[in-house]
Structures are given as structure tokens and as C-alpha cells.
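Following: one structure in C-alpha cells, then a few remarks.
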Amino acid sequence: MSDHAQPVTITRKPGGASVEAAAKALEDDDPYALMAMSYPVPEGVDPDLELARCLVEEYALMGWSPEQVRGLFADPHHGKAHEIRQQRGAAFIEERITEVFGHG
Amino acid sequence: MAEVHNWHLGRKMQYQYEAGQTDRQFAAVFNINRCIGCQTCTMACKSTWTFSPGQELMWWNNVETKPYGGYPANWDVKTLELLEQKNPDGMTWDGSADTAVTAPYGRYDGKTIFESAPSTERVLGYEPSQAEWKGPNAFEDHATKFVKDGTSLPEHDGWFFYLQRICNHCTYPGCLAACPRNAIYKRPRDGIVLVDQERCRGYRKCVEACPYKKTMYRPTTDTTEKCIACYPRVEGTDPLTNGQPMETRCMTACVGKIRMQGTVQTNPDGTWTKDPTHPLYYLVHEEKVALPLYPQFGTQPNVYYIPPRWVPRDYLHQMFGPGADLAIERYTRPSRKLLAVLQLFRTSQTIIFRFDIEEGPAFAELNIGGEPMTLYNDTAVGFDRDGKEIVRVTVKEPIHTRPAKFNSI
Ligand code: SF4
């Protein structure tokens with residue numbers, strides 16, 4: 001048995017019959033595989049830029065201040081916003097904020 | 001077959017029955033840009049209506065991740081493929097977008113699911129397999145394969161969005177057209193589409209015919225069930241709103257505040273009666289910021305979507321028709337009035353029948369989409385069916401920061 005699949009016992013109802021959900025180790029040809037539909041990013045589009053701009057504008061239109069928007073990107077609880085900042089750097093976010101608010 | 005007017009297509013089309021006038025029509029606007037995929041709506045519906053034996057695979061409300069997700073699996077790709085086979089490269093509009101409510105997106109050149117039905121059927125469709133109904137979000141948003149050395153999944157590198165789906169309570173329902181027992185009916189009072197459980201014998205022609213796959217078979221009763229638009233709430237019989245029409249469970253539970261629902265007044269030809277102070281009419285017809293889902297199917301669905309602004313346009317044109325460019329332009333740089341109306345989403349459980357905007361002072365100078373834009377702290381006011389004020393909300397969101405010393409977490 002591999003490390004990945006430990007037998008798990010699931011009891012369906014209190015007092016009911018129990019079943020072993022994963023008694024067998026997963027193998028490479030297991031049909032339990034990722035099914036995805038690829039739809040590529042169009043030529044010349046920077047998805048981080050699009051999303052960062054979208055986030056800054058959406059929050060600016062709700063009346064948020066530059067400080068509050070900056071805080072959104074700095075906060076790891078805001079997963080995608082924070083990820084963009086981690087990957088592209090704080091200066092990249094500052095540029096977007098300046099574009100929308102005209103100042104820092 | 002009868003000839004009816006479909007304003008999403010900007011033309012007459014063939015339908016099983018004559019158009020019937022409804023007093024009002026159930027309708028909603030979903031702002032895709034704001035959905036966080038929390039599934040609160042899904043669970044609000046499930047825990048109210050479909051928690052009994054035989055309903056395990058039934059999700060009247062579901063939220064799926066596009067482009068690769070779907071419930072039942074691949075429902076839209078399969079119907080688009082069937083339609084494409086019947087009229088190759090035909091799903092196009094003639095580009096004659098008009099200001100008239102009878103043809104706001106121009107004229108559809110192709111065939112609908114009614115016009116391309118095989119000679120033995122009333123509607124073009126298919127019945128999803130049991131496997132396709134299983135797991136409404138299978139393979140979405142998470143890895144599903146154990147790989148020893150780990151792997152990185154490419155799909156989120158590009159773009160994705162959440163698509164919120166309920167029955168569209170269509171003006172020309174596919175399910176209703178296909179039922180051999182006339183068990184499905186559209187209520188004259190609000191256009192809600194219901195299945196008469198006494199008449200239904202479980203033939204599942206409706207399951208085949210609904211292009212959105214929102215009629216669902218229940219094996220324990222051998223009947224079809226579907227979203228009932230929480231009709232007791234829409235009728236105003238929930239004690240909470242003192243007789244006033246109330247929005248559905250999925251709408252009122254929405255955490256992302258993306259949903260607004262109501263009922264609109266309609267004309268005999270199925271178009272909406274002009275009413276620029278009704279928030280849904282304003283969003284759909286005045287601003288044209290909210291669009292029907294796959295209008296080319298031909299059922300004239302009544303849930304409208306503000307398309308996600310970051311998604312490639314060819315995908316959006318296929319999904320929402322030719323109105324997508326204008327809708328995104330208007331949403332990205334909203335007019336002063338639109339910005340105020342957008343604040344009304346999820347501010348009231350009571351259905352808003354009319355809005356008014358009270359002008360406020362300028363409070364910010366921004367640059368949106370490369371152009372200067374002034375923000376005004378206007379107040380949007382919503383009124384119930386009897387004209388009584390039920391909500392008042394400003395553009396500038398009041399923010400209260402919890403001081404660290406009172407933070408008990
Ligand atoms: S409750 Fe609202 S934000 Fe959450 S998934 Fe449903 S529609 Fe999206």
C-alpha cells in the first residue's frame with residue numbers, strides 16, 4: 001500500500017453497516033483523474049495584469065481608499081490578490097493603484 | 001407549432017404553443033464579477049427543498065466553474081454541439097443591435113432547439129447519464145489525482161469564473177414544450193414554471209428538452225422535479241415580509257451580494273413593459289449590462305448575467321450573445337446612476353419594485369479604464385410593491401474597523 005491511500009472506514013448511518021472507501025492503493029491508470037477543458041489565455045494578454053486592474057477598480061468603485069486596496073493585496077487571506085503580489089512584487093501592485101487613484 | 005416573438009433573438013420563432021400573457025414574469029440579475037463560489041446559495045436551496053430520499057443528485061441551484069466545469073457534466077458543450085450539427089456555423093447574430101425592446105441584440109441568424117428538433121421530437125436535446133449528474137463540482141477547483149511527486153495544475157493560470165445556475169423560468173420553456181402529458185405549466189401570475197406532480201409520469205422528455213438541464217428526475221416518486229422559484233416567498237406568504245413579495249432562498253443567502261431578483265411586467269409578445277425605475281428593467285434594458293445565458297437556445301430565459309470582465313470575448317459572445325462587449329464596457333465604467341443601482345444588490349429580502357437615486361457630493365477622483373471618473377456618494381433607495389421605502393444605501397460603503405484591543409479572536 002502506498003502512503004497516499006490509507007483504508008478509511010465510513011459509517012453510513014449510526015449503527016448501520018460500514019464500508020471501506022479506499023482499501024486499495026491508487027494506481028497510475030486509475031480513471032479517478034483530472035478532467036479539465038483547456039481554454040488558453042489569448043495572445044498578448046497578461047492575466048495577472050487584467051485581474052489586478054479589475055480588483056483595484058472594483059474596490060475603488062466601492063469607495064475604498066488606496067490604503068485599503070493596498071491592504072487587500074498584502075493580506076494572505078485574500079488568496080488570489082495576495083498571490084499576484086507575491087509573484088509580481090509590491091511595485092506591480094503600486095502601479096495599478098497609481099493608475100486608478102492617480103497617487104499612492 | 002405556433003409562431004411567437006423571442007426578443008433575445010430579435011425575431012419570430014417556432015414554438016409548440018401560442019405565447020401566453022403573464023401578469024408579471026419572475027426574473028433575476030446575477031453579477032458574475034462578484035461571485036466568490038462559496039456555494040451558500042446552493043446549500044440554502046438544498047436544505048430547503050431537496051434534502052429527501054431520491055433527491056440526492058438534485059441541485060436546483062448550482063454554481064459551476066467555467067470553462068471546464070458543469071452540472072450535469074458538460075451540459076452546455078453537449079447542447080451547443082447538437083445545435084452546431086443541425087446548423088453548422090449558424091449560431092450568429094446579424095449585428096443590428098437596436099434600442100427597441102423587441103430586438104436589443106439584433107437578429108439571430110441560426111436555428112433554436114425548437115427549430116432544429118428531429119422530426120420525431122418537439123425539442124432538440126439529450127438526457128444526461130447518471131454519471132453526469134453525480135458530483136456537481138467534480139474535478140473543479142481542486143486536484144483529483146494522487147501523484148507521488150506532486151504536480152501543478154495549469155487551469156487557474158489563465159482565467160476562470162463561477163457560473164451561478166437556477167431554472168431560468170423561461171418564457172418559452174423547453175421542458176413545457178416537450179412534456180407529452182402537459183404536466184408542466186407556466187403560472188399566469190408570475191411566469192414561474194412548475195411541474196404538476198399529479199400529472200407527471202416520469203417520461204423524462206423534459207429532462208431531455210431543457211437545454212439548461214434544470215428539470216431533474218426523482219426515482220423514488222418516478223416524477224420530475226425542478227426549481228419552484230420559492231413561490232411561497234415570491235407570492236408574499238412568508239410571515240417575515242408581512243405579505244410583501246420576497247426574494248428566493250438562493251438569492252437572499254448570497255454572501256457575495258451578486259444577486260437581485262424580482263418580477264417584471266410583460267407585454268403580450270413576451271417583451272418587457274417599459275419601466276426604467278424598476279431595477280431589473282433598468283439593468284437589462286436601459287443599461288444593457290445584464291444578458292441572457294445562451295440566448296441562441298431560444299427559450300428566452302429570465303435570469304440575466306453581468307458577464308465577467310476578464311474573460312476572453314469570443315467565449316463570452318458564445319455564452320451571452322452579441323451584447324457582451326457593450327455590457328462589459330458599461331459595467332467597467334459605470335454611469336453615475338448604474339453605480340448607485342448596483343449598491344441595491346442584496347440589501348433587502350423584500351423584492352424591490354422601484355428605485356430612486358438621491359444625488360450626493362463628489363467624494364473621489366479616479367482613473368477607470370484610462371479615463372477620469374468622478375465618484376459621487378449618491379443614495380439608492382428601494383421601494384416595495386406598495387411603494388413603501390424598504391432600503392436606502394450609499395455608494396460609499398461605510399467601513400467599520402474593529403480596533404485591535406477589542407479583537408477577541
Ligand atoms: S452565495 Fe453568492 S457568492 Fe456564494 S456562490 Fe452563490 S452566487 Fe456566488
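Naming: A, B, ... by sequence-line order, numbering from 1 per chain.
- For chain B, the nearby parts of A:Glu58 are the backbone and the side chain; heavy atoms of each come within less than 4.5 Å.
- Residues A:Leu61 and B:Leu339 come closest through the heavy atom pair O-CD1, 3.8 Å.
- Neither the backbone nor the side chain of B:Thr394 comes within contact range of chain A, judged by heavy atoms closer than 4.5 Å.
- Both the backbone and the side chain of B:Leu366 come within less than 4.5 Å of a heavy atom of chain A.
- Heavy atoms of B:Ile399 lying under 4.5 Å from chain A belong exclusively to its side chain.
- For the pair A:Glu57 and B:Thr332, the minimum side-chain heavy-atom distance is below 4.5 Å.
- Between chain A and the options B:Glu397, B:Gln343, B:Lys66, heavy-atom pairs under 4.5 Å are most frequent for B:Glu397.
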Notebook entry, point to check: After noting the C-alpha distance and the side-chain angles of A:Glu50 and B:Arg309, does the key distance pass the salt bridge (Lys or Arg N to Asp or Glu O under 4.0 Å) rule?
Noted result: CA-CA 9 Å; A:Glu50 291 296 318; B:Arg309 46 180 285 187; over 6 Å; no
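- In terms of heavy atoms, B:Phe363 sits closest to A:Gly63 at CE1-CA, 3.6 Å.
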Let me have the donor-acceptor pairs involving side chains of residues 372-380 of chain B, under 3.5 Å, with sequence neighbours excluded, atom names and distances please.
| residue | atom | partner | partner atom | Å |
| --- | --- | --- | --- | --- |
| B:Thr374 | OG1 | B:Glu365 | OE1 | 3.0 |
| B:Thr374 | OG1 | B:Glu365 | OE2 | 3.3 |
| B:Asn377 | OD1 | B:Val395 | N | 3.4 |
| B:Asn377 | OD1 | B:Lys396 | N | 2.9 |
| B:Asp378 | OD1 | B:Arg336 | NH2 | 2.9 |
| B:Asp378 | OD1 | B:Gly360 | N | 2.7 |
| B:Asp378 | OD2 | B:Arg336 | NE | 2.7 |

